[in-house]
Amino acid sequence: MWFLYALIPCLLVDGVAVLPAPQNLSVHSTNMKHLLMWSPVVVPGEIIHYFVEYQGEYESLYMSHIWIPSSWGSPTEDPECDITDDITATVPYNLRVRASLGSQTSAWSTLQHPFNRNSTILTPPVMEVTKDGFHLVIKLEDLGPQFEFLVAYWRREPGAKEHVKVVRSRGIPVHLETMEPGVAYCVKVRTLVKAIGRHSPFSQVECVKVQGETLPLALALFAFVGFMLILVVVPLSIWKMGRLLRYSCCPVVVLPSTLKITNSPQKLISCRREEVEPCATAVLSSEEPFRAWL
């Protein structure tokens with residue numbers, strides 16, 4: 001009989017039914033996401049609601065120990081409450097829960113040890129390492145605005161130097177380095193939360209490689225010769241075309257040397273007059289024998 005009475009979820013105190021308080025309160029916190037959990041209060045055929053309240057260092061010291069209802073878990077039907085938005089500072093927080101069924105309410109159950117968000121478990125982000133042509137690209141999981149990522153990458157070869165880059169963009173592909181053909185590149189990453197001054201371990205190393213080799217020597221030589229021919233032929237063609245257009249549109253007329261007048265016109269006329277009289281006399285003298293023959 002006592003065992004059966006122990007199974008009864010409600011107790012009678014001064015003739016009033018009282019719900020048992022939730023038990024086994026704990027906080028599960030990973031990557032700055034805080035979830036308060038407890039063992040459910042079971043009443044057959046009934047739905048139990050739970051109220052969650054918190055008290056930070058400010059409320060405890062300066063506001064007479066008041067308790068503030070949780071913004072997400074008050075009330076809730078699930079035996080858990082997301083208190084991430086309630087924990088806004090890196091200080092100890094007290095948390096408590098009570099059950100409610102109609103007009104019946106349980107006593108408050110308080111978390112045994114105050115919760116501080118700097119105890120959260122940080123894990124490496126999910127990353128995707130790809131190559132875009134000859135570009136090494138990484139895409140990281142979006143964990144929230146408080147997170148930064150330390151990305152380390154290097155060439156997979158003996159004595160290669162490791163480079164570190166701080167990435168703040170989340171969910172957007174980020175270019176890390178231009179890759180050389182035939183060389184493998186490796187990447188690892190860890191999260192960093194400045195608000196609590198902690199970082200996660202590094203993730204597993206992922207490597208990618210661009211297949212292919214450099215251009216053959218003959219092809220490179222052919223490309224060089226072609227480039228040099230272009231440098232010579234194109235300016236020469238432009239120069240020839242310019243000369244052709246100039247001579248076609250604006251030709252330059254040059255008189256033959258026999259037609260050029262070296263003396264003044266007045267002197268030339270006077271010289272020709274002096275030459276006309278001997279020439280006419282010679283013509284007349286040559287006509288006289290011809291007349292005598294006739």
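- No hydrogens or angles considered: a donor-acceptor pair under 3.5 Å links the side chains of T90 and R117.
- Put simply, the side chain of E157 does not reach to within 4.5 Å of the side chain of Y185, judged on heavy atoms.
- Once rounded to the nearest 0.5 Å, the distance linking CD1 of I196 with OG of S119 reads 8.5 Å.
- To the nearest 0.5 Å, the span separating NE2 on H113 from CG on N94 amounts to 12.0 Å.
- Annotation: side-chain hydrogen bond (donor to acceptor under 3.5 Å, both in side chains) contacts of T30 (sequence neighbours excluded): none.
- For the pair N31 (side chain) and L143 (backbone), a donor-acceptor distance under 3.5 Å is absent.
- With Y153 contributing its side chain and E177 its backbone, the two residues share no donor-acceptor pair below 3.5 Å.
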Show the atom names and distances, to 0.1 Å, of all donor-acceptor pairs under 3.5 Å that link a side chain in residues 159-167 to residues at least two apart or in another chain.
residue: K165; atom: NZ; partner: H175; partner atom: O; Å: 2.9

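- Salt bridge present: K194 and E148 bring a charged side-chain N and a carboxylate O closer than 4.0 Å.
- Side-chain contact check for H34 versus F115: some heavy-atom pair is nearer than 4.5 Å.
- Considering CG of D86 and CD of Q55, their distance stands at 13.0 Å, rounded to 0.5 Å.
- Between the side chain of S200 and the backbone N or O of L122 there is no donor-acceptor pair closer than 3.5 Å.
- Atom OG1 of T120 sits about 11.0 Å away from atom CD1 of I87, to the nearest 0.5 Å.
- The main-chain N or O of D78 is found under 3.5 Å from a side-chain atom of T76 such that the two form a donor-acceptor pair.
- Taking the side chain as every heavy atom from C-beta outward, R190 and S203 never approach each other to under 4.5 Å.
- Between the side chain of E80 and the backbone N or O of M37 there is no donor-acceptor pair closer than 3.5 Å.
- Ring orientation note: the planes of Y58 and Y62 are tilted relative to one another, at an angle of 30° to 60°.
- Under the side-chain contact (heavy atoms from CB on, under 4.5 Å) rule, L95 has a single partner from T110, L25, L111, which is L111.
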Side chains of residues 46-54: which donor-acceptor partners sit under 3.5 Å, not counting sequence neighbours?
residue: Y50; atom: OH; partner: V41; partner atom: N; Å: 2.9
residue: E53; atom: OE1; partner: R96; partner atom: NE; Å: 3.0
residue: E53; atom: OE1; partner: R96; partner atom: NH2; Å: 2.7

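- Note that the CZ atom of R198 and the CE atom of M32 stand 9.5 Å from one another [nearest 0.5 Å].
- Considering CD of E77 and OG of S100, their distance stands at 11.5 Å, rounded to 0.5 Å.
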